[in-house]
Amino acid sequence: MSAIVSAIVSGVLIGCFYTIVGLGISLIYGVMKVTNFAHGDFLMLGGYIAFLLYASFNLNPFLSIPIAMATLFIIGLAVYEAVVRNLMKTRNPEESSLIALYGMSISLSAFYFILCGADYRSIPYTLPVSSISILGTKFLTTWVLGSALSIAIALGLFQFLHRTYTGKAIRAVISNVDEARCSGIDVNQVCRLAFAIGLAVAGVAGAMLPLFQQVINPAGGIQYTVLAFMVACIGGLNNPLGVTIGGLFVGVCQSISNFILPGYMWPLVLALIAIIILSIRPMGLLYR
Amino acid sequence: MLKCVDITKRFGGLCALDSVSLELKDGEILGLVGPNGAGKTTLLNIISGFLKPDSGYVMVDGMRADRLRRFEICKKLKINRTYQIPQPLTNLSLLDNVLLATVFGNEEGQVDREYAREFSIRLLEKVGLENKLHVRSDELNAAERKFLDLARALATRPRVLLLDEIVAGLSKFETNFIIGLLRELVTKEKISVLLVEHVMDFVVTVCDRVVILHQGKKIAEGKPKEVLRHKQVVEIYLGSEKVE
Amino acid sequence: MTLETKHSLFLLIFFFLIIGLTTIGQSNPLFFYLMLYIAMGEAFNLMYGYTGYLPFGNIGFFGIGAYVVGILAFLYGIRPPISILIGAMVSMIFSLILYPTLKLKGIYFAICSFLISEAVAIAIRAAPFEITGGPTGISLVDCYNPLYSYYLMLLVMASILIIVHVIDKTEKGLALKAIKENVLIAEMSGVNSNKYKLLAWIINTTVVGICGGLTAWHIAYVNYEIAVSPVISLNSIFLPIIGGTGTVVGPVLGAFFYIPMGTIGLQFSNFFLFIYGVVVLLTVTFLGEGLLPAVQRHIIPALKKHSGE
């Protein structure tokens, strides 16, 4: 496999992860028009949970994934009731949630600094094989596992949204709040659930950070928030399926960018891509 | 003085307006009627500059609207309008809503502040809102919001006034008030009015002429009583006698 | 007794004038930073409270202003305050280039401008060290003049306060507020929305650019952390929001919240950041427009009732 193709394959692998990162923010925005600017920091919380469980109890990092999911789900319910519900009542929920949750993001970052210090954290994985060969090129097992896991979670979420009654209710609210309300759907419950699911998915992504050699650190949240937003914007803020495309696109772009340009230029490239896309079609390429 | 020439507008596959032409003469009140979906509001949106037609153009006294920006349509072509769902500026007081239009709708910098205030207050008195000058506009009821829209539109001293279902939901008393006001605007202020309406009594009472739109096409035009008896019009509203 | 805005602004300017003459004022950078946050807060306020755009990327222009001053001194020996003026012009040029971003609505503009400030930060880091002085930055020690820079900051602060005050009291403020609420209606009231958006945008970015240059001069040092400083960025967004956007006095009130951070908070910055985040969260969620409008709307009428007016 040539170098550029292996770069693209890496991009696809991490793109699956980025899809998960973006799904939560897309779901939350689609259902309740709330811009979760603290998404990355909740993601980081999932990472910290995984790290602390490993550091304190030597827990197998794979087991921390469902624990992070459950914890973030519960936290999501609480945050919804305490904060988000009230944010939705403001004049301009999109903007006020952007500012308010930016505040929450800063508070969370500061909280992580105070609690765990500024050190970068990670979790080593001990696996039977450290790399897997695909078509002649070696890829890290953790990356392959991570992307397989991401695909599984994404599929699970889509099954939930399309096969279950609750999932359909969520899609109904995304499509048209008023009509959903008239059909007897308890919109408030749907929003609460959607927010909790969104945070839970973020938590899972956070717990998976070490799989992709990404560090867990206090200030790292914002970059994932921006990434999630980019992925969701490209795919369409009310189209969960589109987020998949967005995630893969961003992943591949990153790989190619790191292939051609020095590594630190990637955020600049991402910024440029984002500016272009936001100017042409801010609601997303696949927005319905 | 206002001419719409062959206005066509499509939304995706739907043809909302198909080569519609009409003329609003000086000092007349023209009614635009038709069933829902006929394209009436679309035409209003095109005349007021909210939408650009796919083909055709709007002309006022020989000046074409094509290349003008919205605020120029307001200031240069002297067109203004009210809205089906009233759009008050809720972060400004009532007086400020009208004051804004008074100052900017006429030539900026040439309007004296005191005079602008007086003018705006008088306009609000004219529409019956003098007691609510410093009230926030989101505290008004539905009828009051319509009157505010009207005051704001009049503040820019338009020569063409477009009304979008202004009497919908108004009481008999309020409707009569509007009728009186419109007649005064036409005779004293020399304003021409194009109104979109469903309330037929009102149309017959106040309009000099009526244009009927159906599925994007103009199908009839003339004096209200004559047009409304036109066979095709009756068929559109009440259905034909034939049973399929 | 109501204090007219005009008078409270004069008092404020007078206060800083006097402080600058005292030893406390001259030795403690706190007062400079207070004026900085008042000025940056008013610029933010002009964009958000009046025109309805969230300029999350203002820090980018701050950084440009700071580095222009640093680079001009470093490479060409051009000293402030002239270099600050040049920095202002460079900021203006960038703001004209970025003017098309104003087509984006609400949150997209906020995120886009945030990304642009990130891009500026990266561009500065990626630039050759011979120009930017690299991670060690540029020292402006031979231009060091805390008194002169303090009073120039006072002038800038006074100017933006007066500008925003005049806008607030005249029809220009109405036009901007109309644009914030409903651009279509504003246009149908005769407002040339593009012209007014441009006006607010240029004032905002130029003031922020000047502030960047002034800060570099005052502390006589420019480096990556100072130029595109996350703390200054946060404060320039949070303080006006806490204080209240949409009025002239709100951001001033907000800027005074910097005092705890600027004094004891220097050692415990994370603790204060945590509190700031929570305060912003609570303010936006429950107080809508900020502290000052909430006070005006609820506390003052209650006080009036209490004193039996």
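Contact tally against chain C (heavy-atom pairs below 4.5 Å) for A:Arg91, A:Lys89, A:Glu95: the top residue is A:Glu95. For chain A, the option among C:Asn270, C:Leu234, C:Val278, C:Ile116 with the highest count of heavy-atom pairs below 4.5 Å is C:Asn270. Taking C:Ile275, C:Leu54, C:Thr283 one by one and counting their heavy-atom pairs under 4.5 Å with chain A, the maximum is reached by C:Leu54. Counting heavy-atom pairs closer than 4.5 Å to chain C, the top residue among A:Gly103, A:Ser97, A:Pro262 is A:Gly103. Ranked by non-hydrogen atom pairs under 4.5 Å with chain A, the options C:Ile241, C:Val280, C:Ile122 are led by C:Ile122.
Residue A:Met230 touches chain C through its side chain alone, counting heavy-atom pairs closer than 4.5 Å. For A:Ile273, no part lies near chain C; criterion is any non-hydrogen pair under 4.5 Å. For chain A, the nearby part of C:Phe56 is the side chain; its heavy atoms alone come within less than 4.5 Å. If you measure heavy-atom distances from A:Ser96 to chain C, the contacts under 4.5 Å come from both the backbone and the side chain. With a threshold of 4.5 angstrom between heavy atoms, A:Tyr102 approaches chain C through its backbone and through its side chain. Heavy atoms closer than 4.5 Å to chain A are found in the side chain of C:Phe114, but not in its backbone. Neither the backbone nor the side chain of A:Ala118 comes within contact range of chain C, judged by heavy atoms closer than 4.5 Å. Using a 4.5 Å cut-off between heavy atoms, A:Val83 contacts chain C through both its backbone and its side chain. Looking at A:Phe229, only its side chain comes within 4.5 Å of chain C, counting heavy atoms on both sides.
Judged by distance alone, with hydrogens and angles left aside, the side-chain atoms of A:His39 form a donor-acceptor pair with the main-chain N or O of A:Val21 at under 3.5 Å. Judged by distance alone, with hydrogens and angles left aside, the side-chain atoms of C:Ser229 form a donor-acceptor pair with the main-chain N or O of C:Val231 at under 3.5 Å. Not one N or O on the side chain of A:Asn217 forms a donor-acceptor pair closer than 3.5 Å with the backbone of A:Arg121. The backbone N or O of C:Pro55 lies less than 3.5 Å from no partner atom in the side chain of C:Ser113, so there is not a single donor-acceptor pair. Remark: side-chain polar atoms of A:Thr225 are not paired, donor with acceptor, to backbone N or O of A:Asn36 under 3.5 angstrom. At least one donor-acceptor pair under 3.5 Å links the side chain of C:Thr205 to the backbone N or O of C:Trp201.
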*What do the steps show when you test A:Phe212 against A:Phe17 for ring pair (Phe, Tyr, Trp, His ring centres under 6.0 Å), and what is the final call?*
CA-CA 9 Å; A:Phe212 291 95; A:Phe17 175 63; 4.6 Å; yes
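A search for side-chain hydrogen bond (donor to acceptor under 3.5 Å, both in side chains) contacts involving A:Ser109 returns A:Asp41, not counting sequence neighbours.
Within 6.0 Å of atom OH in C:Tyr224, more than 12 heavy atoms from other residues, nucleotides or ligands are found, so the atom counts as buried in its surroundings.
Within residues 188-195 of chain A, no residue approaches chain C closer than 4.5 Å by heavy atoms.
A cation-pi geometry, defined here as NZ or CZ lying under 6.0 Å from the six-membered ring centre and within 45° of its normal, holds between A:Lys33 and A:Tyr29. Both cation-pi conditions hold for C:Lys180 and C:Tyr48: the charged atom is under 6.0 angstrom from the six-membered ring centre and inside a 45 degree cone around its axis.
Nearest heavy atoms, A:Pro218 versus A:Gly117: CG-O, 3.3 Å.
Each of C:Val207, C:Val208, C:Ile237 was compared with C:Asn58 under the side-chain contact (heavy atoms from CB on, under 4.5 Å) criterion, and only C:Val208 meets it.
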